[in-house]
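Shown next, in structure tokens, is the structure this report addresses.
Protein chains get the first letters and strands the later ones, always in sequence-line order, with residue 1 at the start of each.
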Amino acid sequence: DVKVTQSSRYLVKRTGEKVFLECVQDMDHENMFWYRQDPGLGLRLIYFSYDVKMKEKGDIPEGYSVSREKKERFSLILESASTNQTSMYLCASLPNRGRGNTEAFFGQGTRLTVV
Amino acid sequence: ELKVEQNPLFLSMQEGKNYTIYCNYSTTSDRLYWYRQDPGKSLESLFVLLSNGAVKQEGRLMASLDTKARLSTLHITAAVHDLSATYFCAVGTTSGTYKYIFGTGTRLKVLA
């Protein structure tokens with residue numbers, strides 16, 4: 001059974017704190033993604049990674065950074081949390097093209113509130 | 001730049017009625033995905049469409065893909081309350097690194 005696990009379901013942090021959101025997948029997928037989901041805006045891509053130590057900016061990278069030191073783990077970092085980063089964060093993983101015509105698998109989401 | 005647009009954003013319909021959700025995308029892609037999300041839950045995969053003219057059906061939902069028009073549709077037949085959810089389409093890029101972009105979602109409410 002495929003699995004993408006996010007470290008927390010709910011998180012409350014103070015403005016200015018450094019926040020780490022962790023995502024682990026056990027499917028040996030090359031590609032991992034971080035999205036934020038806000039009402040009326042759908043899922044917006046923050047960053048993605050196609051290999052260990054490789055990363056690319058998505059559509060809304062400002063205020064975020066990422067780390068991929070191991071293939072199975074992709075971390076999203078809020079260097080200095082702000083209230084406009086209050087959102088639902090979703091992690092996903094996907095194998096490379098040619099490794100099967102599969103869809104992306106999602107974690108359960110982390111609802112982050114910055115106060 | 002890959003952009004994905006869905007419409008409508010909100011859909012309220014009576015049980016037993018039919019309706020179609022549309023997903024347009026801006027650049028070439030050879031695969032399109034449909035997901036369902038229930039409130040407070042993560043995304044659940046519904047369909048993967050891999051070629052022009054592809055059609056897949058599961059229960060009261062049918063998805064199709066026209067790569068020339070860059071359009072996918074999700075058709076709902078004889079809606080039931082259990083189909084109430086938010087539906088997303090997603091498109092993957094065909095070249096370079098694999099970017100995976102979602103539409104804004106369609107919130108469907110089926111009224112009894």
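- Residue Y33(B) is grouped with residue V91(B) when hydrophobic side chains (ILVMFWY) are merged at heavy-atom distances under 4.5 angstrom, including chains of intermediate members.
- Both the backbone and the side chain of L43(A) come within contact range of chain B, each with at least one heavy atom under 4.5 Å from a heavy atom of that chain.
- Residue contact with chain A, scored on non-hydrogen atoms closer than 4.5 Å, involves the side chain of Y35(B) exclusively.
- Contact of F88(B) with chain A is made through the side chain alone, with heavy-atom distances under 4.5 Å.
- Under a cut-off of 6.0 angstrom, the local environment of CZ in R36(B) is crowded, with over 12 non-hydrogen atoms contributed by other residues, nucleotides or ligands.
- For Q6(B), no part lies near chain A; criterion is any non-hydrogen pair under 4.5 Å.
- One distance of note links OG of S45(B) with CZ of F106(A); it measures 9.5 Å at 0.5 Å rounding.
- For CD of E5(B), the number of neighbouring non-hydrogen atoms (other residues, nucleotides, ligands) closer than 6.0 Å is 12 at most.
- R107(B) CZ: 12 or fewer foreign heavy atoms inside a 6.0 Å radius.
- Under the 4.5 Å side-chain heavy-atom criterion for grouping Ile, Leu, Val, Met, Phe, Trp and Tyr, F10(B) is not connected to Y19(B) through any hydrophobic cluster.
- Put simply, OG on S42(B) and CZ on R9(A) are 8.5 Å apart, with the number rounded to the nearest 0.5 Å.
- Annotation: M62(B), atom CE; neighbour count of heavy atoms from other residues, nucleotides and ligands within 6.0 Å does not exceed 12.
- To the nearest 0.5 Å, the span separating CD on Q37(A) from OG1 on T86(B) amounts to 7.5 Å.
- The aromatic rings of F33(A) and Y100(B) lie tilted to each other, with the angle between the two planes from 30° to 60°.
- Note that CG of L9(B) and CG of L41(A) are 10.0 Å apart. Values are rounded to the nearest 0.5 Å.
- Placement of F48(A) and L43(B) within a single hydrophobic cluster is found when ILVMFWY residues are connected by side-chain heavy-atom separations under 4.5 Å, directly or transitively.
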